[in-house]
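The structure appears below as structure tokens.
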Amino acid sequence: MKYQLELQNICKSYGSLKANEDITLGIKPASIHALLGENGAGKSTLVKIIYGSLQSNSGTMKWCDQDYKPNSPFEAREKGLAMVFQHFSLFESLTVAENIILGLDGVGLDSDYIEQITKYSKQYGLNVNAQQVVGDLSVGARQRVEIIRCLMQEPKLLIMDEPTSVLTPQEVSDLFITLRKLAENGCTILYISHKLEEVRQICHQATILRGGKLIQNCNPQEHSKRELAEMMIGKKLINLARSNIKIGEDVFSINNLSKKSEEMFGVDLHDICLTVKEGSIVGIAGVAGNGQDELMHLLIGEKKSPEGVLIFKGKDIGKLNSHQRRQLSMFFTPEERLGHGAVADMKLDENMLLSRPQKSEMTNYGVINWQQVEMLTQRVITDFDVQTQSSKMLAQSLSGGNLQKFMVGRELIQNPDLLIVAQPTWGVDAGSENHIHQSLITLAEQGSAILIISQDLDEVLTLCEQVHVITAGKLSPAVDMQDNGLEKLSQLMVGGKSND
Amino acid sequence: MINIEQRTDSSAKMVILAPILALTLTAISTMIIFLWASLDVMNAFYVFYIEPLTGKYNLSELLVKAAPLMMIALGLSIGFRAGVWNIGAEGQYIIGAISGGAVGLYYYNVEATWLIPLMAFAAVLGGMGYAGIAAFLRTRFQVNEILVTLMLTYVAILFLSAMVFGPLRNPDGFNFPESRIFHDSATLPIIWQGTRAHIGFIIALLFAGVTWFITKKHMFGMQIKISGSAPRAARFAGFNENKTIWYTLLISGGLAGLAGLFEAAGPVGQLVPHLPVGYGFTAIIVAFLARLHPIGIVFTSLLIALTYMGGENAQITLQLPSSITSVFQGMLLFYFLACNVLIEHKVAFSFNWSK
């Protein structure tokens with residue numbers, strides 16, 4: 001058997017859009033094979049065809065040299081395929097064991113799998129406690145639960161969709177150890193990602209997709225990160241560099257912010273202190289669920305803060321709502337796109353109006369100047385290269401990366417004195433990430449202050465002079481990135497929430 | 001196999017076609033009912049659908065019935081967009097009629113042009129105040145506004161009885177449970193001589209224009225739309241959730257109250273226990289048939305008015321029971337909602353003989 005899975009001339013189109021065009025590739029047994037591509041390159045479609053949740057229009061597949069044509073994920077699982085999705089499907093109120101049992105076909109909740117769970121957990125270094133309730137687990141631990149759930153079916157091919165997007169550096173290296181062990185034991189892994197450094201580290205083979213077509217099959221270790229990225233996006237990348245750093249006066253400071261969470265599984269914030277100066281980019285690193293959401297709510301003004309805690313340009317803004325804060329030239333891009341930073345079933349130009357400072361002249365005594373709105377929308381679309389047919393498209397019809405560009409661009413064209421942005425490039429492809437980072441740097445060079453809340457350590461390291469780490473609602477002091485910052489940061493991140 | 005698949009984009013053609021399809025299906029279904037009742041189908045069809053559109057009397061009555069429906073539905077549509085479900089417009093309609101009517105009765109011997117505007121003002125306040133109870137309970141104690149508005153409707157109906165049996169009863173009315181007949185100054189101007197069509201229809205049209213402006217051109221329209229489809233995005237935009245609830249309930253309550261007064265000071269001419277005939281509930285159908293669009297509401301209110309007329313005709317000429325109107329309205333809403341699925345979805349036929 002030369003290939004575990006072989007694809008021949010796979011085509012899939014949605015109306016006139018060709019999501020996959022003539023894809024031919026072979027995945028060798030016991031190898032880690034990367035599927036690389038930007039958003040909308042056709043990775044998800046291809047994986048769905050392999051996993052049986054979509055059927056191709058034409059082309060054939062072979063599994064262990066046998067014809068393979070799954071009509072449902074169930075059939076795919078019977079053959080020995082398993083998949084770990086980017087978004088987990090776990091019940092927070094159930095234990096690890098219960099969650100795993102629920103995911104198995106044809107098994108009742110009363111079955112006892114704890115022994116087996118422990119076995120896999122030991123064998124592959126997947127450290128979980130079968131009795132623990134999933135709601136208390138970190139994201140990394142949840143992913144390990146998903147992996148164990150897949151391993152229970154003894155798969156021959158394990159598909160991993162963007163597995164590291166939510167993990168800390170330490171968790172990522174743990175995951176890689178697990179994946180290498182799996183491959184050594186004969187399990188083939190199809191690894192979907194747009195993070196090139198990881199693909200270079202761990203994958204034996206890489207298939208690069210762009211615009212639904214297969215661009216190249218290569219050994220990722222033989223190419224630089226930059227070469228891979230340029231193959232992926234089909235054009236040259238801009239060099240990111242922060243020159244001309246001129247730090248000015250304090251723009252925004254948080255003084256001893258403490259706040260009890262009003263949500264059930266929320267995180268309380270303790271004594272948060274931070275200062276952002278003119279022309280500087282400050283980062284807050286940390287794993288999701290350590291208080292970032294709660295902090296962001298307070299920063300945007302969706303919830304009110306105590307007196308004297310949030311000071312913007314010498315003014316206490318704790319009691320102002322987001323609209324009033326924007327009048328003072330504070331702007332925000334929240335992490336969640338649909339439903340928070342944008343309304344799914346509204347058009348792009350209507351979504352422009354979520355952030356409408358007086359100076360933008362989009363409204364006058366509440367009357368909307370649609371011409372002005374259209375003009376600004378077009379500016380965002382062209383300046384930030386948002387791929388959309390027009391400003392009249394619904395927000396939900398845009399891919400995640402494009403909507404992210406729109407949301408960051410919407411705030412950036414207002415030339416904010418302070419921009420607070422959460423996960424600016426979450427789920428965004430390399431080309432757009434490069435573009436968004438460049439825009440943020442340009443904004444800082446013009447003298448604006450920027451606060452970035454991000455889980456992506458690479459991003460924080462590229463952009464910020466000063467980084468704080470948030471763990472369990474507490475914020476570390478600022479770490480200067482000039483002197484050996486990375487090491488200090490890693491220590492801070494590991495030292496935090498440790499319920500794994 | 002027939003599958004219903006999500007469209008990638010909503011179909012502009014279907015937005016127009018869906019109501020037409022729904023109407024056609026309703027017409028076909030009513031014909032089946034006529035056949036079943038062994039009636040002359042063509043004649044019944046004429047009586048039901050065509051006759052209400054002929055002659056001065058029928059046409060003017062169409063306007064009389066469309067006016068309150070339109071006004072209430074416009075107010076409701078604003079709330080529905082924001083996800084604030086005022087189901088009790090009927091109650092606000094009654095309270096509006098009582099409070100406006102009481103002003104008219106208080107000045108029963110005064111001849112003045114300011115009386116009607118004053119009555120209208122009182123009616124709007126009454127409707128707003130009644131809907132305000134639901135807004136207060138919702139914003140303060142998280143009480144569901146659907147239940148509050150609906151239950152307050154029954155309170156309002158009984159309150160109307162209490163009023164016309166008690167304080168507002170006509171002193172010269174031989175103890176009949178009804179108020180004095182409104183005098184000329186307290187009665188709405190007629191816009192079509194020799195009929196009951198009153199100025200309320202024109203005012204409802206004006207409100208349709210205003211509502212259209214608010215939904216398309218004003219930030220308040222965006223506010224209710226955003227609050228309705230994404231509450232967190234509304235907070236991100238700086239909108240206060242509680243204010244949205246207050247505003248939308250006050251607007252829909254005020255308009256329902258005004259509609260109630262117009263009915264009392266218009267075609268009915270006095271306060272009577274049978275003043276509420278369900279316009280407040282039917283207006284919900286009117287609003288949804290129009291997909292909450294203000295201009296659409298102008299047309300759907302006329303359409304639903306037609307079903308009232310057709311239903312009355314069918315009772316008189318064909319001896320059908322009065323529930324025929326409800327049957328018709330129910331079918332129309334049912335088919336409409338079913339056809340609306342086609343706007344966001346398409347039907348795909350696929351034949352798989354191997355299975």
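In the text below, chain A, chain B and the rest are named by the order of the sequence lines, each starting its count at 1. The structure displayed is predicted, hence computed values, not measured ones.
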Does the side chain of [X] pick up a donor-acceptor pair with the side chain of [Y] at under 3.5 Å?
{"X": "Asn340(B)", "Y": "Arg291(B)", "result": "yes"}
{"X": "Ser360(A)", "Y": "Gln372(A)", "result": "no"}
{"X": "Gln92(B)", "Y": "Asn86(B)", "result": "yes"}

Report the option among Met222(B), Gln223(B), His218(B) that has the most heavy-atom pairs separated by less than 4.5 Å from atoms of chain A.
His218(B)
Who among Ala234(B), Ala233(B), Gly221(B), Ala230(B) has the most heavy-atom pairs with chain A under 4.5 Å?
Ala233(B)
Is there a side-chain contact between Ile20(B) and Thr24(B) (heavy atoms, below 4.5 Å)?
yes
Leu348(A) side chain near Lys392(A) side chain, heavy-atom distance below 4.5 Å:
no
Can you tell which part of Gln396(A) gets under 4.5 Å to a heavy atom of chain B, answering side chain, backbone, both or neither?
neither
Per-residue contact mode, Tyr365(A) against chain B (heavy atom under 4.5 angstrom):
backbone
For chain B, find which of [options] contributes the most heavy-atom pairs closer than 4.5 angstrom.
{"options": "His340(A), His297(A), Glu336(A), Arg325(A)", "result": "His340(A)"}
{"options": "Asn351(A), Leu353(A), Thr363(A)", "result": "Leu353(A)"}
{"options": "Asn364(A), Leu338(A), Val343(A)", "result": "Val343(A)"}
{"options": "Arg326(A), His323(A), Gln324(A)", "result": "Arg326(A)"}

Under a 4.0 Å N-O cut-off, is there an ion pair linking Glu350(A) with Lys225(B)?
yes
